[in-house]
Amino acid sequence: MKIPPVKGTRDFYPQDMAVRNWIIDGWKKVSVRNGFEEYDGPIFEYLKMFQLKSGDEIVEQLFSLKDRGGRDLAIRPEITPTLARMVNQKINSLPRPIKWFSVPRLCRAERPQRGRLREFFQWNIDIIGVEDGLKKNLADAEVIFTTVDYLRKVGLTDKDIKVKISSREVLANYLRSLDVPEDKLEPIYVVLDKKNKLPSETFEQMLGEQVPDNKIVNKIVDFMSVDSIPQLEELVKIKSESGEYSAYLDIKMVLDNLTMMGIKDFCVYDPSIVRGLAYYTGIVFEVHDTAGELRAICGGGRYDNLLRDFGGPAIPATGMGMGDCVLEILLREKGLLKPEPRELDYFVACIGFIGEEAWRIVAKLRSMGYSAAFSYKAGNLSKQLKEASAQKAEKCIIIGQEEIEEGKIKVKDMATGQQKKIDEDKFFEELKSESK
RNA sequence: GUGAGAGUAGCUCAGCUGGUUAGAGCACUGGAUUGUGGAUCCAGGGGUCGCGGGUUCGAAUCCCGUCUUUCACCCCA
């Protein structure tokens, strides 16, 4: 009986595993060089933890189970609640700011599509506990910088991708300044989030369903067509009369910081970034491919209320999550996927029925820290060299009757094809001195 | 969850409006080649044509169901 893989999951054969490791190693390396420390949590949590933040509808979108004690559990669909829990548990003893990263394996019971599977990996970085107003903007910028630092490192340029940055707070304040009632904000967000997917008439029509006044609709459309900070300044200056100015300053300063960090060309102000109904409270951003063919590569933003919502103190936080699926598609399309091939220092080939000799040398090489392999098939030399080539061996050691009698081995450089005969003892002596 | 397209060897696909024993390239295994690799040539293994049912003398081909997958919705924490 043949059992197929579960819908929306992937099998990682060695070749695929090399790609996965290459991506994840890059994430980890960039996290570390940007000053983040790695953490992880359990792969399942109490179901309640995910309901707390996102409501009951979410239960349909995650894999849940009952354990033998009747506890309702769920496989994690994201790691941010776990992060909040872990941070809250030790909040009084953790030095701030807390700069942590993780690469959790996550599951969501959604319908699989291009760039979206039911099981995937997601790079998460978060900065928690930067309270000062100005430095908060620096933390937001650092999260974006770290994100771009990775994308740039793997070879993507500002021609390939853009970080689209916006602010929920600026948007909310603007809508309030137009006397849009509080209970209309959320439904309007939903419409604004679709702006880029819809023809402009449909978009305006949908807005009109939420806001009866045509003048206001036009003003919202004006706001949404702003694509630079000076323009935004004009608009917001006129519209905001009391203390609503600070939210605008936040986004301006984040962009100033990004300019100072040298990644200005990757970043644009884009008011259409709203990010669904998430827990974001301020700056929000997404990275998109400039061709607009794929869904978002990553998303993030400021979530100042989350720790408090999880029963901890009100400590501000900002972060980013990047899944592996869309990223891999984009990198593959751009020819930037370059997993490092397995390296093999030595392949030991033997002639005739003297396999024991080959194994003895392989074992010696391995004990000294070199990677070494031999052939289980032990065909003729031609076959073994072929196998060595296929395994990308850097060097080949050849031993036959002649060499054994002389106490020597032949060492062949597979790139140049040159080979020399050398005393076995001498060969290992030289290896030792090289490794020191 | 809703709607549409696709499913033939490990992979990419051919197989005409139903008609003998379902093919090719790549990959894999072996040989040419028992002391010198990446090439070439030759040979071989590998298929319940996604699965189940139906129509028919006869189904990879037509019909229904189902699973998987792709795309568009919903959603995207």
Side-chain angles (χ1 to χ4, degrees), chain A residues 1-11 13 15-16 45 49-62 74-84 104 106-118 120 122 124 190 193-194 197-198 273-280 284 286 293-301 303 306 309 319-321 323 325-326 329 344 347 349-354 375 377-404 409-419 421:
Chain A
M1 186 183 180
K2 234 190 205 169
I3 298 175
V6 173
K7 181 193 186 97
T9 63
R10 289 171 289 180
D11 292 329
Y13 289 88
Q15 222 181 337
D16 312 304
E45 295 272 5
M49 187 157 92
F50 301 113
Q51 289 171 307
L52 188 67
K53 192 186 74 183
S54 317
D56 285 340
E57 328 79 70
I58 246 62
V59 176
E60 319 229 323
Q61 307 240 34
L62 46 74
I75 300 175
R76 61 186 178 189
E78 59 171 332
I79 201 171
T80 311
T82 302
L83 172 68
L106 307 177
C107 293
R108 297 177 187 175
E110 295 175 298
R111 183 160 220 165
Q113 275 178 46
R114 180 173 158 87
R116 189 166 81 179
L117 298 170
R118 289 185 160 187
F120 56 97
Q122 192 185 61
N124 281 253
V190 175
D193 197 43
K194 294 181 201 295
K197 284 190 194 168
L198 299 171
I273 301 301
V274 182
R275 296 214 34 87
L277 304 169
Y279 44 78
Y280 294 104
V284 285
E286 286 177 1
E293 280 166 5
L294 303 169
R295 56 184 71 242
I297 298 159
C298 73
Y303 52 97
L306 190 70
D309 293 346
M320 183 283 301
C325 301
V326 175
I329 292 169
L344 183 62
F347 187 97
C350 58
I351 300 151
F353 298 94
I354 47 173
S375 176
K377 292 170 213 158
N380 57 38
L381 182 58
S382 177
K383 286 275 175 206
Q384 292 183 59
L385 285 173
K386 202 171 196 169
E387 201 176 329
S389 288
Q391 294 195 24
K392 307 239 178 339
E394 206 172 293
K395 287 176 180 164
C396 213
I397 288 175
I398 301 166
I399 47 173
Q401 204 53 48
E402 189 188 315
E403 285 79 10
I404 290 171
I409 59 172
K410 256 184 194 161
V411 181
K412 183 184 178 79
D413 184 304
M414 295 301 277
T416 64
Q418 287 179 335
Q419 60 182 19
K421 210 192 259 182

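Every chain is numbered from 1, with letters handed out A, B, ... down the list of sequences.
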Practice prompt. May I have the distance from A/E286 (atom CD) to B/C76 (atom P), rounded to whole angstrom?
Written response: 12 Å
Worksheet item: What is the per-nucleotide protein-contact pattern of nucleotides 68-73 of chain B, from the 5' end, where B denotes a base atom under 4.0 Å from a protein heavy atom, S denotes such proximity for sugar-phosphate atoms only, and - denotes neither?
Response: SSSS-B
Between protein and nucleotides 38-45 of chain B, what N or O pairs are separated by less than 3.5 Å?
| unit_1 | atom_1 | unit_2 | atom_2 | d |
| --- | --- | --- | --- | --- |
| B/G38 | O6 | A/M414 | O | 2.9 |

Worksheet entry | Atom C1', compared across B/A22 and B/A14: separation rounded to whole Å | 11 Å
Practice prompt. Could you summarise the pairing of RNA chain B as dot-bracket text, marking Watson-Crick and G-U pairs under 3.5 Å with ( ) or [ ] inside the strand and | across strands?
Written response: (((((((..((((.....[...)))).(((((.......))))).....(((((..]....))))))))))))....
Worksheet item: To the nearest Å, how far apart are A/K383 NZ and B/U29 C1'?
Response: 9 Å
Worksheet item: Could a donor-acceptor pair under 3.5 angstrom be found where the side chain of A/K410 meets the base of B/U36?
Response: yes
Worksheet item: Between the base of B/G35 and the side chain of A/Q384, is there a donor-acceptor distance below 3.5 Å?
Response: no
Worksheet item: What is the distance from CG of A/L306 to P of B/A77, rounded to the nearest Å?
Response: 13 Å
Response to the item:
Taking B/G30, B/A77, B/G35 as options, the one with an atom nearest any side-chain atom of A/I398 is B/G35
Worksheet entry | Whole-Å gap separating P (B/C76) and CZ (A/R108) | 10 Å
Worksheet item: Rounded to the nearest 0.5 Å, how far apart are OG of A/S375 and CD of A/Q391?
Response: 8.5 Å
Item to complete: Counting heavy atoms from C-beta on, name the nucleotide in B/G37, B/A77, B/U33 closest to the side chain of A/K412.
Response: B/G37
Worksheet item: For RNA chain B, whose closest nucleotide is more 5', that of A/Q419 or that of A/A109?
Response: A/Q419
Discussion item. On the side chain of A/R275, is there an atom forming a donor-acceptor pair with the base of B/A77 - under 3.5 Å, no angle test?
Written reply: no
Worksheet item: What is the distance from CG of A/N380 to C1' of B/G31, rounded to the nearest Å?
Response: 10 Å
Practice prompt. Could you state the atom-to-atom distance from CG of A/L385 to C1' of B/U36 in whole Å?
Written response: 5 Å
Worksheet item: Does B/A77 have OP1 or OP2 sitting under 4.0 Å from an N or O in the side chain of A/T80?
Response: no
Fill in: A/D16 and A/R10, any side-chain heavy atoms less than 4.5 Å apart
no
Fill in: Spacing of A/D413 atom CG relative to B/U36 atom C1', expressed in whole Å
14 Å
Practice prompt. Answer yes or no: is there a side-chain heavy-atom contact under 4.5 Å between A/D309 and A/L52?
Written response: no
Worksheet item: Between B/G35 atom P and A/I351 atom CD1, what is the distance in whole Å?
Response: 6 Å
